[in-house]
Amino acid sequence: MPREILFLNTMTRRMETFHPLEPGHVRMYTCGPTVYNFVHIGNLRTFLFEDILRRTLQAFGYRVTQVMNLTDIDDKTIKGAASEGVSLREFTDRYIAAFFQDIDTLHVERAEHYPRATDFIKQQVELVQKLTDRGHTYVQDGSTYFRIATFGAYGKLSGIDVNQVKAGARVDADEYEKEDVRDFVLWKASKPGEPGWETPLGLGRPGWHLECSAMGMTLLGESFDIHTGAVDNIFPHHENEIAQSEGATGKPFVHTWLHAEHLIVEGQKMAKSAGNFFTLRDLLERGHDPLAIRYLLISVPYRQKLNFTFDGLHAAAAGVERIGNTMRRLAHTPPAAGDGALPVSEVASFTEEFDGGLADDLNTARALGAVHTLLTKVNQALDSGGISVEARARVDSALRRVDATLGIVPKAEPVAGSDAEIDGLIAERTAARSARDFARADAIRKALTERGVVLEDTPHGTVWHLTK
RNA sequence: GGUGACGUAGCCAAGUGGUAAGGCAGGGGCCUGCAAAGCCCUCAUUCGGCGGUUCGAAUCCGCCCGUCACCUCCA
């Protein structure tokens with residue numbers, strides 16, 4: 001039996017114990033990028049939340065089937081391709097490749113499916129036809145619209161009262177004509193020069209919301225467990241997906257909806273005009289460690305606004321380093337002969353708190369707190385009676401769990417014997433120290449430091465690692 | 001105008017009735033030839049403000065102040 005987990009379901013606004021439709025197997029649809037540009041750190045915050053969700057479910061014993069869409073047809077991709085004079089496919093291929101590169105850099109696990117909207121035109125058309133058969137659509141000027149007056153539950157996810165929306169001040173006149181401003185387009189008639197598909201619905205292209213319903217139901221079934229995205233997707237995107245999907249099938253579309261809050265930068269909304277807009281590439285160019293970026297972006301629970309600051313990024317880097325330092329100490333310290341100073345119960349209580357945090361609607365801050373508490377216990381033991389072979393094995397396994405779920409454990413450091421030249425210099429320095437020739441010893445250390453090699457003299461010999 | 005969040009130390013943040021986790025930064029100390037790493041001590045009598053409920057509230061209720069998000073571009 002998989003471990004129980006609680007989620008705050010946007011649909012019910014309540015904390016619920018999660019039960020997949022098929023016991024032990026979670027089917028989830030996670031909103032992916034629109035591939036017209038490099039992804040920014042706000043996008044990545046959402047993708048990392050989805051990654052933690054996936055990893056946690058797996059660590060808790062569920063099988064996961066995850067779909068992440070790649071939106072390769074919309075106003076922005078069309079415009080981008082046109083302005084560069086390349087095909088839509090060529091344009092979006094480029095940003096899809098960049099997207100995968102970026103999520104790989106942040107150690108995001110791959111989903112099972114990455115469908116592209118333009119590869120699912122047929123399924124989208126069929127979905128519109130089903131909606132038409134059930135009387136949910138109308139055609140105007142060659143475009144097909146969803147008439148929300150035919151879907152009584154409209155607004156159940158966002159809590160938006162459609163009458164208020166109609167009365168609101170910000171409904172602007174769409175360039176397409178609708179019967180009612182609240183209706184949304186399913187199939188857009190192509191304008192001259194725009195990409196389009198000749199289909200029974202006419203020459204056109206899918207509306208924004210259609211792909212997610214079509215691809216989600218094709219790959220995961222008409223009803224599935226989890227659908228995620230960022231908060232701005234709640235309305236209208238996800239609301240419209242529900243209308244389209246349930247309107248077509250008459251079945252509940254998704255059981256649990258999870259939405260990530262946005263991040264802000266240095267206290268302000270991230271915007272190109274504010275000069276605080278960052279892609280992953282921008283941060284890497286400034287020399288920041290991908291693992292530190294990941295740590296920072298997952299350190300605040302997903303339902304809270306995350307204030308991305310460079311101070312915070314430095315703190316995150318220090319957090320990652322602390323994990324690595326402790327692992328290095330662990331690796332270079334021989335096991336205690338007897339029971340050592342770290343009771344295995346200490347590791348057990350860590351696991352309880354760590355898993356408990358994740359099971360509580362993915363409380364990553366609580367989980368990270370537990371990690372640091374464990375690190376302190378390990379270091380204390382290392383400084384006193386040492387750590388037994390058995391306790392050591394449990395710590396290793398605990399850290400593997402941390403890495404499996406949060407993905408913030410640094411790779412093992414280079415070990416003695418991996419670089420003959422460095423080992424030679426260290427031996428030379430050790431000899432100098434024995435001879436109390438500290439000037440010589442310090443000169444060697446300084447030379448190594450300049451090469452990015454940091455030495456540490458421990459009771460068990462001199463060890464080294466690279467600076468970050 | 002409608003709907004919904006949030007306000008805990010210099011910064012990030014846990015904590016949803018029982019007397020303030022954790023990290024970063026700062027100060028002092030131990031260890032070291034000196035470092036590095038680590039450890040120890042220190043850093044909120046108090047949780048935006050004012051009332052109320054309670055034996056007891058950061059946690060529940062009311063009012064006020066402040067910040068923010070969504071209301072068909074938006075992760």
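Convention: sequence-line order gives letters A, B, ...; per-chain numbering from 1. In this text the structure is predicted, and so the values were computed from the model without any measurement.
B:rA14 and B:rU46: their C1' atoms are spaced 16 Å apart (whole Å). For the P atom pair drawn from B:rC43 and B:rC50, the interatomic distance equals 24 Å after rounding to whole Å. For the P atoms, the distance linking B:rC24 with B:rA37 amounts to 12 Å, nearest Å. When the P atom is used for both B:rC64 and B:rG26, the distance is 43 Å, rounded to whole Å. For the P atoms, the distance linking B:rA21 with B:rC55 amounts to 27 Å, nearest Å. Of the P atoms belonging to B:rG2 and B:rC47, the separation is 32 Å, rounded to the nearest Å. The P atoms of B:rG27 and B:rC65 are separated by 41 Å, rounded to the nearest whole Å.
Comparing A:Leu375 and A:Ala315 by the nucleotide of RNA chain B whose heavy atom lies nearest to each, the residue mapping closer to the 5' end is A:Ala315.
Listed candidates were B:rC40, B:rC70, B:rG38. Nearest to the side chain of A:Lys269 is B:rC70. Considering only side-chain atoms of A:Asp360, the nucleotide from B:rC74, B:rC71, B:rG15 that sits closest is B:rG15.
The aromatic rings of A:Trp257 and A:His227 sit parallel to each other, their planes meeting at less than 30°, with 60° as the upper class boundary. Below 30°, between 30° and 60°, or above 60°: for A:Tyr138 and A:Tyr145 the angle between ring planes is below 30°, a parallel geometry.
Checking A:Asp311 against A:His314 by side-chain atom types alone, no donor-acceptor pair falls below 3.5 Å. A:Arg322 and A:His372 are linked by a side-chain donor-acceptor pair at a separation below 3.5 angstrom, with hydrogens and angles left out of the test.
For the pair A:His238 and A:Met11, the minimum side-chain heavy-atom distance is 4.5 Å or more.
Residue A:Ala318 is classed as a sugar-phosphate contact, given heavy-atom separations below 4.0 Å to backbone atoms only. A:Gly42 comes within 4.0 angstrom of a base, heavy atoms only. Counting non-hydrogen atoms under 4.0 angstrom, A:Pro33 reaches nothing in the nucleic acid. Nucleic acid contact class of A:Leu44 (heavy atoms, under 4.0 Å, all strands): none. Contact annotation for A:Thr376: backbone-only contact, meaning every heavy-atom pair under 4.0 Å involves sugar-phosphate atoms and none involves a base. The residue A:His40 sits close to a base: some heavy atom pair falls under 4.0 Å.
Protein atom CD1 of A:Ile264 is 9 Å distant from nucleotide atom C1' of B:rU67, rounded to whole Å. Atom pair A:His259:NE2 and B:rC74:P shows a separation of 13 Å (rounding to whole Å applied). For the pair A:Glu353 CD and B:rG15 C1', the computed distance is 10 Å after rounding to whole Å. The distance from atom CG of A:Leu306 to atom P of B:rA69 is 15 Å, rounded to the nearest whole Å. Rounded to whole angstrom, the span from the CZ atom of A:Phe277 across to the P atom of B:rC74 amounts to 14 Å. Regarding A:Asp232, its CG atom lies at a distance of 8 Å from the P atom of B:rC71, rounded to whole Å. When the C1' atom of B:rG1 is taken as reference, atom CD1 of A:Ile160 falls 14 Å away, rounded to whole Å. Between the CG atom of A:Asp75 and the P atom of B:rU72 there is a distance of 16 Å, given to the nearest Å.
A stacked arrangement is assigned to A:His262 and the six-membered base ring of B:rA75, with a centre-to-centre distance below 5.5 Å and an interplanar angle below 30°.
Base pairing of B:rU53 is not made with any nucleotide, judged by Watson-Crick or G-U wobble geometry with both donor-acceptor distances under 3.5 Å. As the counterpart of B:rU45, no nucleotide is assigned, since no Watson-Crick or G-U wobble pattern has both distances under 3.5 Å. Base pairing analysis places B:rG4 opposite B:rC68; the two distances defining the Watson-Crick or G-U wobble pair are each below 3.5 Å. Nucleotide B:rC73 forms a pair with no other nucleotide shown, judged by Watson-Crick or G-U wobble geometry with both contacts under 3.5 Å. If you check B:rA37 for Watson-Crick or wobble pairing at under 3.5 angstrom, you find it has no partner at all.
Checked against the 6.0 Å centroid threshold, A:Phe310 and A:His288 count as a close aromatic pair.
Remark: the backbone N or O of A:Val402 is paired with a side-chain donor or acceptor of A:Thr405 at under 3.5 angstrom. Looking at A:Thr150, its side chain does come within 3.5 Å of a backbone N or O of A:Arg147 through a donor-acceptor pair.
For A:Asn233, no side-chain nitrogen or oxygen approaches OP1 or OP2 of B:rA75 to under 4.0 Å. A close approach under 4.0 Å does occur between a side-chain nitrogen or oxygen of A:Asn363 and OP1 or OP2 of B:rG15. Distances shown here put every side-chain N or O of A:Asn240 at or beyond 4.0 Å from the OP1 or OP2 atom of B:rU72.
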Q. How does each nucleotide of nucleotides 28-36 of chain B score, in 5' to 3' order, for protein heavy atoms under 4.0 Å: base (B), sugar-phosphate only (S), or none (-)?
A. -----BBBB
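Within the model, atoms OH of A:Tyr302 and CG of A:Leu48 stand 15.0 Å from one another, a figure rounded to the nearest 0.5 Å. The CZ atom of A:Arg329 lies 11.0 Å from the CG atom of A:Leu375; values are rounded to the nearest 0.5 Å. Atom CG in A:Asp72 sits 9.5 Å away from atom OG1 in A:Thr34 (nearest 0.5 Å).
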Protein-nucleotides 4-12 of chain B N/O pairs closer than 3.5 Å?
none

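With A:Phe100 as the partner, the ring pair (Phe, Tyr, Trp, His ring centres under 6.0 Å) test is satisfied by one option alone out of A:Tyr95, A:Phe47, A:Tyr114: A:Tyr114.
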